[in-house]
Protein chains: 2
Amino acid sequence: MAATTVTLTAERILEATEEVLRRHGPAKATVVDVARALGVSHGSVYRHFRTKAALREAVSKRWLDRTSETLADIAADTGRDPEARLRDWLAALFEAKRRKAGDDPELFATYMVLSEESGALVGEHIADLTGQVAGIIEAGVASGAFAVPDPATEARAVFQATGRFHDPAYRDVWRDPEADGDFEALVELLLRGLRAS
Amino acid sequence: MAATTVTLTAERILEATEEVLRRHGPAKATVVDVARALGVSHGSVYRHFRTKAALREAVSKRWLDRTSETLADIAADTGRDPEARLRDWLAALFEAKRRKAGDDPELFATYMVLSEESGALVGEHIADLTGQVAGIIEAGVASGAFAVPDPATEARAVFQATGRFHDPAYRDVWRDPEADGDFEALVELLLRGLRAS
DNA sequence: GGACTGACAGATATTGAAATCTGTCATCTG
DNA sequence: CAGATGACAGATTTCAATATCTGTCAGTCC
């Protein structure tokens with residue numbers, strides 16, 4: 001009945017899962033739904049992903065990695081002033097999270113249930129991002145723009161201090177018009193703390 | 001059967017409600033339970049509090065106010081160095097929240113459901129605390145220890161930046177042994193940002 | 001008469017039976 | 001033989017009946 005039977009790959013399953021999640025949300029999306037969307041039996045999905053949790057994790061990882069790469073581009077742009085880079089990097093992080101929460105609330109919700117069930121993956125993602133910040137701060141210390149004893153520690157502090165603007169738990173305040181002003185004020189305060197005195 | 005019939009006051013009801021909440025938690029505590037604990041009918045409770053939500057709110061307000069007063073003492077101690085005062089104030093806030101979350105998890109949970117349903121009360125509490133921080137920063141500006149354009153804005157930024165150490169949503173990380181080091185590093189970064197350069 | 005009670009209506013929560021889902025695996029198909 | 005299937009057991013979710021709770025109020029009791 002089917003025309004060309006395309007091979008069932010992990011990639012195709014992830015694509016379909018994302019679509020199902022977008023439509024049904026994490027609470028109601030089942031692997032049976034995913035299989036139905038692909039026109040295969042759910043047993044076939046289990047050939048590629050050992051559990052439903054693994055599938056959810058893979059979807060979230062892809063999603064997390066996309067953010068990470070965009071930011072890495074900013075962080076790695078060594079031609080630019082470290083201070084401007086850090087400012088942009090933090091703004092890009094805030095903007096990315098805010099946009100994703102607004103555009104795909106259901107997918108975003110999936111990511112939030114993930115945070116609770118799979119600390120490891122999220123932990124790695126945060127370590128990755130913190131590492132990017134540390135890189136920018138190191139460049140700033142090298143150029144004399146910043147003066148701090150340990151860039152890694154400061155990076156952690158900066159990341160945690162800005163939690164309100166990237167932690168999913170705060171997604172509701174991102175819609176508040178005051179959020180942008182608050183963000184600016186906080187970033188300036190942090191930059192003053194990093195600068196050489 | 002009862003010995004001396006004591007008058008039923010709002011205060012006594014709050015006391016009993018706190019006890020019921022501590023034992024049953026916010027999800028299972030009913031006003032019938034509260035009435036039973038006091039040996040009265042639940043109709044009597046409604047004479048003092050118009051709704052269950054109002055009762056919950058009153059309990060939480062008392063609870064919030066106690067924290068507020070302790071901190072106000074530190075903030076108002078104008079004899080001391082503003083920098084040390086801010087450091088202590090933030091540490092006291094963190095410590096108070098951490099202790100409450102650990103000692104009375106059920107009461108703490110009550111406060112968390114309150115945050116979601118009654119933004120106004122929590123908003124006032126936060127405005128109060130932010131005001132205390134602003135006071136300390138103003139003193140610092142006056143003494144020349146700090147150099148910032150607008151103490152109120154900086155106070156907001158400081159309060160938001162330290163959210164990880166006082167926002168109930170983060171109660172799980174407060175148990176992490178790394179939390180104290182993270183807190184110290186963040187406070188130092190913020191203080192450097194406030195200091196005159 | 002003012003504080004309290006308890007019966008009541010409508011809203012909410014609990015419960016247990018039925019439906020659905022997850023994850024496995026013997027079997028089939030190309 | 002590699003990949004897919006669908007029947008199955010146990011876990012989880014859904015749903016509707018039942019029980020409990022919230023909030024009101026006419027009436028009781030000092």
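Numbered from 1 within each chain, the chains take letters A, B, ... in sequence-line order.
- In the set D:dT22, C:dT22, C:dC4, the nucleotide with an atom closest to the side chain of A:T30 is C:dT22.
- The residues A:R62 and A:E15 are annotated as salt-bridged, a charged nitrogen and a carboxylate oxygen being separated by less than 4.0 angstrom.
- Put simply, NE2 on B:H48 is 17 Å from P on D:dT22, counting in whole angstrom units.
- Of the candidate nucleotides C:dT14, C:dG6, C:dG23, C:dG6 has the atom lying nearest to any side-chain atom of B:S41.
- Spacing between atom NE2 of B:H24 and atom C1' of C:dA13 amounts to 15 Å, rounded to whole angstrom units.
- A side-chain N or O of A:D33 and one of A:T30 form a donor-acceptor pair less than 3.5 Å apart.
- If you measure from atom NZ of B:K52 to atom C1' of C:dG10, you get 16 Å, rounded to the nearest angstrom.
- Going from atom CZ of B:R36 over to atom C1' of C:dT5 covers 16 Å, rounded to whole Å.
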Is there a ring-ring contact (aromatic ring centres under 6.0 Å, His included) between A:Y170 and A:F165? Walk through the geometry before answering. CA-CA 7 Å; A:Y170 285 100; A:F165 305 103; 8.2 Å; no

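- If you check every strand for non-hydrogen atoms under 4.0 Å, A:V32 touches a base.
- Taking 3.5 Å as the limit, the base of D:dA4 and the side chain of A:R47 contain a donor-acceptor pair of atoms between them.
- If you check C:dA3, D:dG23, D:dT5 against the side chain of B:H42, the one that comes closest is D:dG23.
- For NZ of B:K100, the number of neighbouring non-hydrogen atoms (other residues, nucleotides, ligands) closer than 6.0 Å is greater than 12.
- The separation between A:D33 atom CG and C:dT20 atom P is 12 Å, rounded to whole Å.
- Going from atom CZ of A:R50 over to atom P of C:dC25 covers 13 Å, rounded to whole Å.
- By the 4.0 Å N-to-carboxylate-O rule, B:E57 lies too far from B:K61 to be salt-bridged with it.
- Of the candidate nucleotides D:dG23, C:dC4, C:dG23, C:dC4 has the atom nearest to the side chain of B:L8.
- The side chain of A:S44 has D:dA4 as its nearest neighbour among D:dT22, D:dA4, C:dT14.
- Remark: P of D:dG6 and OH of A:Y46 are 16 Å apart, rounded to the nearest angstrom.
- The interatomic distance linking B:F49 (CZ) with C:dC4 (P) rounds to 13 Å, in whole Å.
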